[in-house]
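Working notes, structure below.
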Amino acid sequence: GMPAVTRAYTTACVLTTAAVQLEFITPFQLYFNPDLIFRKFQIWRLITNFLFFGPLGFSFFFNMIFLYRYCRMLEEGSFRGRTADFVFMFLFGGFLMTLFGLFASLFFLGQAFTIMLVYVWSRRNPYIRMNFFGLLNFQAPFLPWVLMGFSLLLGNSIIIDLLGIAVGHIYYFLEDVFPNQPGGKKLLLTPSFLKMVFDTPEEDPNYNPLPEDRPEHQPRDRDQNEQQHPQ
């Protein structure tokens with residue numbers, strides 16, 4: 001079936017759009033507005049602004065297809081078995097975009113979020129050949145920029161695409177580049193409560209580890225844990 005995070009996010013986006021189409025809610029109740037968030041405590045706007053991709057139409061379907069496709073490829077690819085890390089990327093990306101949203105008057109950040117997912121996927125799969133509507137052939141890392149060009153053609157603001165690319169790059173740099181450099185280290189550590197919630201190990205009732213595989217015989221791991229959690 002569909003991986004859990006992808007299913008949850010795309011379902012939330014579709015339901016939000018359906019609710020607007022059916023006029024249960026209006027986009028004015030959903031958009032990012034710092035004033036209403038902090039003064040009127042309309043906290044939901046922090047999340048709903050990532051869920052609304054505009055009225056039903058070409059732009060909406062285009063965004064949904066990309067969101068679903070790249071979210072799923074990430075979740076089943078480089079984040080396979082690391083749901084907590086994937087959720088942490090969502091939170092980290094959403095946090096940075098929200099910070100930026102406080103200073104620029106952006107109303108909906110969902111498209112930036114999609115571009116961030118596309119960006120991270122494309123950097124992790126640099127040799128995949130892409131074909132855009134049968135017109136352009138290029139390698140995966142160009143995809144976010146091609147999408148930005150496409151936004152330009154549709155007459156949309158590219159600020160949102162640039163924000164997605166910037167946040168995607170920050171995540172990619174901190175997660176994939178910096179830790180592998182001399183003197184670099186992993187700075188994005190997924191909080192343990194996320195791991196408790198999302199990464200429940202599948203227990204095998206018949207599994208009985210050899211004595212040397214049991215945790216108490218692995219001092220190396222314990223040292224790593226102490227480094228990560230300095231007392």
Check the pair T190 / F198 against side chain to side chain contact (heavy atoms under 4.5 Å, CB included), numbers first and verdict last. CA-CA 11 Å; T190 304; F198 293 105; over 6 Å; no
If you count the non-hydrogen atoms of other residues, nucleotides and ligands that lie under 6.0 Å from [atom1] in [X], is the total more than 12?
| X | atom1 | answer |
| --- | --- | --- |
| F150 | CZ | yes |
| F58 | CZ | yes |
| Q181 | CD | yes |
| I159 | CD1 | no |

M130 vs F138, side chain to side chain contact (heavy atoms under 4.5 Å, CB included): CA-CA, chis, key distance, verdict: CA-CA 5 Å; M130 311 289 299; F138 53 90; 3.4 Å; yes
State the [atom1]-[atom2] distance between [X] and [Y], to the nearest 0.5 angstrom.
| X | Y | atom1 | atom2 | answer |
| --- | --- | --- | --- | --- |
| L143 | S122 | CG | OG | 6.0 Å |
| I160 | I165 | CD1 | CD1 | 11.5 Å |
| Y172 | F178 | OH | CZ | 14.5 Å |
| L30 | R45 | CG | CZ | 7.5 Å |
| F86 | L74 | CZ | CG | 5.0 Å |
| F107 | N49 | CZ | CG | 11.0 Å |

Parallel, tilted or perpendicular: which fits the ring planes of F92 and Y171, with parallel below 30° and perpendicular above 60°?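 Rings of F92 and Y171: tilted, as their planes differ by 30° to 60°.
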T48 vs F32, test: side chain to side chain contact (heavy atoms under 4.5 Å, CB included). Steps then yes/no. CA-CA 8 Å; T48 54; F32 183 79; over 6 Å; no
Considering only heavy atoms from C-beta outward, does the side chain of [X] approach that of [Y] to under 4.5 Å?
| X | Y | answer |
| --- | --- | --- |
| D85 | K195 | yes |
| M148 | W145 | yes |
| R80 | E75 | no |

Taking the ring of F90 and the ring of F113, is the distance between their centroids below 6.0 Å? yes
Per the salt bridge (Lys or Arg N to Asp or Glu O under 4.0 Å) rule, which among K185, R123, K186 passes with E175?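 Among K185, R123, K186, the one that satisfies the salt bridge (Lys or Arg N to Asp or Glu O under 4.0 Å) with E175 is K186.
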For a ring pair (Phe, Tyr, Trp, His ring centres under 6.0 Å) with F108, tell me which candidate from F52, F28, F50 qualifies. F52
Is the closest basic N to carboxylate O distance between D35 and R39 below 4.0 Å? yes
Working for side chain to side chain contact (heavy atoms under 4.5 Å, CB included), residues L194 and L91: CA-CA 11 Å; L194 285 180; L91 295 173; 3.9 Å; yes
